[in-house]
Number of protein chains: 2
Amino acid sequence: MVRKISSAVIRRLPKYYRYLDELHQSGVTRISSHLLAQRMGFTASKIRQDLNCFGGFGQQGYGYNVDNLRAEIGEILGLNRSCKAILLGAGNLGRALINNFKFSRCGFELIAAFDLDPAVVGTEINGVPILNIDSLDSFVEEHHPEIAVFTLPSEVALEMAARLEKLGVKGIWNFARHEIRPASTGINVENVHFEDSLMTLCYMINDKKEK
Amino acid sequence: MVRKISSAVIRRLPKYYRYLDELHQSGVTRISSHLLAQRMGFTASKIRQDLNCFGGFGQQGYGYNVDNLRAEIGEILGLNRSCKAILLGAGNLGRALINNFKFSRCGFELIAAFDLDPAVVGTEINGVPILNIDSLDSFVEEHHPEIAVFTLPSEVALEMAARLEKLGVKGIWNFARHEIRPASTGINVENVHFEDSLMTLCYMINDKKEK
DNA sequence: CTCCTATTGTCAAACATTTCACATAGAGAA
DNA sequence: TTCTCTATGTGAAATGTTTGACAATAGGAG
């Protein structure tokens with residue numbers, strides 16, 4: 001019987017990983033739920049509850065072994081599998097990701113980007129070849145990337161998602177303005193909404209002002 | 001008696017705004033909670049419950065007036081106040097935001113960016129002047145921007161947040177790897193975590209694969 | 001080896017969010 | 001105007017998440 005892990009817990013795993021990694025970097029080898037809670041701004045109880053979804057990683061009277069816990073969470077997230085990723089839309093944001101974002105830290109390897117601007121097609125950015133969007137289908141059929149990063153214009157995002165789903169792509173990391181909702185359960189979508197995020201901040205500062 | 005609005009509701013407001021804007025663009029003037037729910041992938045009940053936190057915007061037997069509801073939500077979010085924003089760190093991501101992101105849509109106006117690279121300081125990107133980080137304090141004291149966008153190296157994010165808080169900045173839109181937790185209740189932070197988001201997607205595709 | 005202390009794993013209570021169900025108000029047709 | 005039907009607003013139930021409390025277990029001191 002595999003108990004379903006709640007999405008609230010899943011969304012916290014990367015944070016745990018990040019903080020544990022940081023502790024690891026600074027040479028800390030053990031940590032109690034209480035201390036970790038203090039650092040992360042959670043309650044100790046929540047942390048213990050979360051970690052227990054996956055098994056008893058801790059030891060009573062001792063706490064958690066930082067390296068071990070970090071490795072376990074990395075394993076749960078699947079960060080060590082180095083899945084292939086492609087990127088669609090080598091505009092400003094796309095190029096920023098190609099140049100700076102550490103895909104490998106998140107379990108991916110960026111193998112190619114696609115665009116239709118002749119000025120960039122055929123070039124390479126940070127070791128990643130920029131290919132013509134026309135060659136997308138054949139490329140995907142040959143290399144079977146697991147996910148696609150959408151840094152393309154909103155208007156084409158939906159049809160592109162459908163196209164990639166047919167080609168067997170498993171996930172979309174979507175930066176386009178309009179969110180993509182998976183048509184079937186076959187594809188996973190993670191939307192990153194800059195506007196939503198900034199609007200929320202707008203609400204927060206205006207809300208405070210009124211008081 | 002002002003009832004506290006739950007943060008789950010607040011986080012959905014930008015989505016409502018986005019969908020209503022879209023409906024508005026396509027000339028739709030009225031919408032029922034049921035139809036909107038279908039579009040957004042929510043339940044009709046949730047939508048009615050959410051909107052009712054702020055007052056009865058709908059009419060029985062008719063539904064909601066698209067323009068009116070959009071305006072009301074915009075008002076609640078504070079999108080029409082055009083608060084001033086500055087950006088710290090004109091690297092790849094910073095420049096991508098300066099060039100492409102529609103701050104005005106989210107209720108802000110980007111008035112300046114700061115960096116320490118002499119190659120960009122003194123130039124202008126998309127009409128936004130890039131200033132030397134040394135002039136930050138005096139600039140903030142003179143122009144009183146409401147928020148700062150953090151597209152700077154993680155290492156300096158925390159100290160910079162403290163510095164800006166002292167200067168009276170009300171909010172931080174943080175893209176740095178390490179999240180910023182507000183030291184006091186005086187400043188609001190909205191963290192955008194690319195890595196967390198992609199790791200979550202990593203989990204999702206690996207999770208599906210096992211079945 | 002024994003005791004004391006720290007800290008987990010876990011159950012239950014508190015709290016938050018979502019869904020359901022339906023009375024009721026208004027729109028629109030005749 | 002009157003009737004019917006649609007769709008809201010809302011209280012209550014169901015579900016999901018977080019917190020609190022504590023028994024039990026292992027570490028480490030003496």
Side-chain angles (χ1 to χ4, degrees), chain A residues 1-16 19-20 23 28-70 72-73 76 181 196 200 203 207, chain B residues 1-16 19-20 23 28-73 76 181 196 200 203:
Chain A
M1 186 221 70
V2 183
R3 187 145 46 95
K4 174 81 172 64
I5 308 295
S6 96
S7 82
V9 176
I10 304 297
R11 298 229 155 249
R12 280 192 294 267
L13 291 181
K15 266 190 225 310
Y16 289 127
Y19 275 89
L20 288 165
L23 286 166
V28 179
T29 57
R30 64 180 266 195
I31 187 98
S32 70
S33 60
H34 186 75
L35 238 53
L36 187 57
Q38 218 160 28
R39 275 193 167 238
M40 299 184 67
F42 289 174
T43 62
S45 176
K46 182 193 271 179
I47 291 179
R48 293 203 300 278
Q49 194 85 267
D50 280 359
L51 297 180
N52 244 68
C53 293
F54 303 97
F57 299 137
Q59 257 184 336
Q60 277 142 330
Y62 176 89
Y64 298 86
N65 177 293
V66 171
D67 282 16
N68 180 248
L69 186 55
R70 175 172 147 280
E72 290 278 8
I73 294 177
I76 292 164
R181 272 180 298 125
D196 288 15
T200 306
Y203 175 87
D207 194 43
Chain B
M1 185 220 74
V2 182
R3 186 144 47 96
K4 173 84 172 62
I5 307 295
S6 95
S7 81
V9 176
I10 304 298
R11 298 227 155 252
R12 281 193 292 269
L13 291 181
K15 267 191 224 310
Y16 289 126
Y19 275 88
L20 288 165
L23 285 166
V28 179
T29 58
R30 65 181 267 195
I31 187 97
S32 69
S33 60
H34 186 74
L35 239 53
L36 187 57
Q38 218 161 27
R39 274 193 167 236
M40 298 184 68
F42 289 174
T43 62
S45 172
K46 182 193 272 179
I47 291 178
R48 291 202 302 277
Q49 197 83 262
D50 281 359
L51 297 181
N52 245 69
C53 293
F54 303 97
F57 299 138
Q59 257 184 335
Q60 278 143 327
Y62 175 89
Y64 298 87
N65 178 293
V66 171
D67 281 15
N68 180 248
L69 185 55
R70 175 172 148 281
E72 291 278 9
I73 293 177
I76 292 164
R181 270 179 300 124
D196 288 15
T200 307
Y203 175 87

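Proteins get letters first, then strands, A, B, ... in listed order; numbering begins at 1 in each. Because the structure is predicted, anything quoted here is derived from the model rather than measured. All values below come from the heavy atoms of this structure, side chains included, with hydrogens, waters and symmetry mates left out.
Residues of residues 30-42 of chain B that place a heavy atom closer than 4.0 Å to DNA chain C, in numerical order, are B/R30. Remark: nothing in residues 8-16 of chain B comes within less than 4.0 Å of DNA chain D through any heavy atom. For DNA chain D, the residues of residues 57-68 of chain B within the heavy-atom distance limit of 4.0 Å (strictly under) are B/F57, B/G58, B/Q59, B/Q60, B/G61, B/Y62, B/G63, B/Y64, sorted by number.
Screening A/R70, A/R48, A/R30 for a side chain to side chain contact (heavy atoms under 4.5 Å, CB included) involving A/Y64 leaves a single residue, A/R48.
Note that CD of B/Q49 is 9.0 Å distant from OG1 of B/T43, once rounded to the nearest 0.5 Å. Between atom CG of residue A/L36 and atom CD of residue A/Q38 there is a gap of 10.0 Å, rounded to the nearest 0.5 Å. Rounded to the nearest 0.5 Å, atoms CD1 (A/I76) and CD1 (A/I5) are 8.0 Å apart. Rounding to the nearest 0.5 Å places CD1 of B/I10 at 7.0 Å from CG of A/D207. To the nearest 0.5 Å, atoms CD1 (B/I47) and CG (B/N52) are separated by 12.5 Å.
Scored by the side chain to side chain contact (heavy atoms under 4.5 Å, CB included) test, B/R39 finds B/Y19, B/E22, B/L23 as partners (sequence neighbours excluded). Taking the side chain to side chain contact (heavy atoms under 4.5 Å, CB included) definition, one finds that B/T29 meets it with nothing, sequence neighbours left out. Not counting sequence neighbours, A/T200 has no partner by the side-chain hydrogen bond (donor to acceptor under 3.5 Å, both in side chains) test. Looking at residues two or more places apart in sequence or on another chain, you find no side-chain hydrogen bond (donor to acceptor under 3.5 Å, both in side chains) involving B/N65. Scored by the side chain to side chain contact (heavy atoms under 4.5 Å, CB included) test, A/S7 finds no partners at all (sequence neighbours excluded). Qualifying side chain to side chain contact (heavy atoms under 4.5 Å, CB included) partners for A/S6, counting only residues two or more places apart in sequence or in other chains: A/A8, A/V9.
Taking atom CG on B/L51 and atom P on D/dT10, their separation rounds to 12 Å, with Å as the unit. For A/K46 and D/dG16, the NZ to P distance is 18 Å, given to the nearest whole Å. Regarding A/D50, its CG atom lies at a distance of 16 Å from the P atom of D/dG16, rounded to whole Å. Distance CZ (A/R48) to P (D/dA23): 14 Å, rounded to an integer number of Å. Distance, B/Q49 CD to D/dA14 C1': 13 Å, rounded to whole Å.
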Trace of the side chain to side chain contact (heavy atoms under 4.5 Å, CB included) decision for B/I73 with B/L51: CA-CA 9 Å; B/I73 293 177; B/L51 297 181; 4.1 Å; yes
Trace of the side chain to side chain contact (heavy atoms under 4.5 Å, CB included) decision for B/K46 with B/R12: CA-CA 10 Å; B/K46 182 193 272 179; B/R12 281 193 292 269; 3.8 Å; yes
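When heavy atoms are screened at a 4.0 angstrom cut-off, B/S45 is found touching base atoms of the nucleic acid.
Counting only residues at least two apart or in different chains, ring-ring contact (aromatic ring centres under 6.0 Å, His included) contacts with residues 32-57 of chain B comprise B/Y16-B/F42.
Under a 4.0 Å N-O distance rule, the pair B/D196/A/R11 does not qualify as a salt bridge.
Protein chain A touches strand DNA chain C; the 5'-most and 3'-most nucleotides with an atom under 4.0 angstrom of its non-hydrogen atoms are C/dA6 to C/dA12.
Rounded to 10°, the angle separating the first-five-pair axis and the last-five-pair axis of the helix from C/dC1-D/dG30 to C/dA30-D/dT1 equals 20°.
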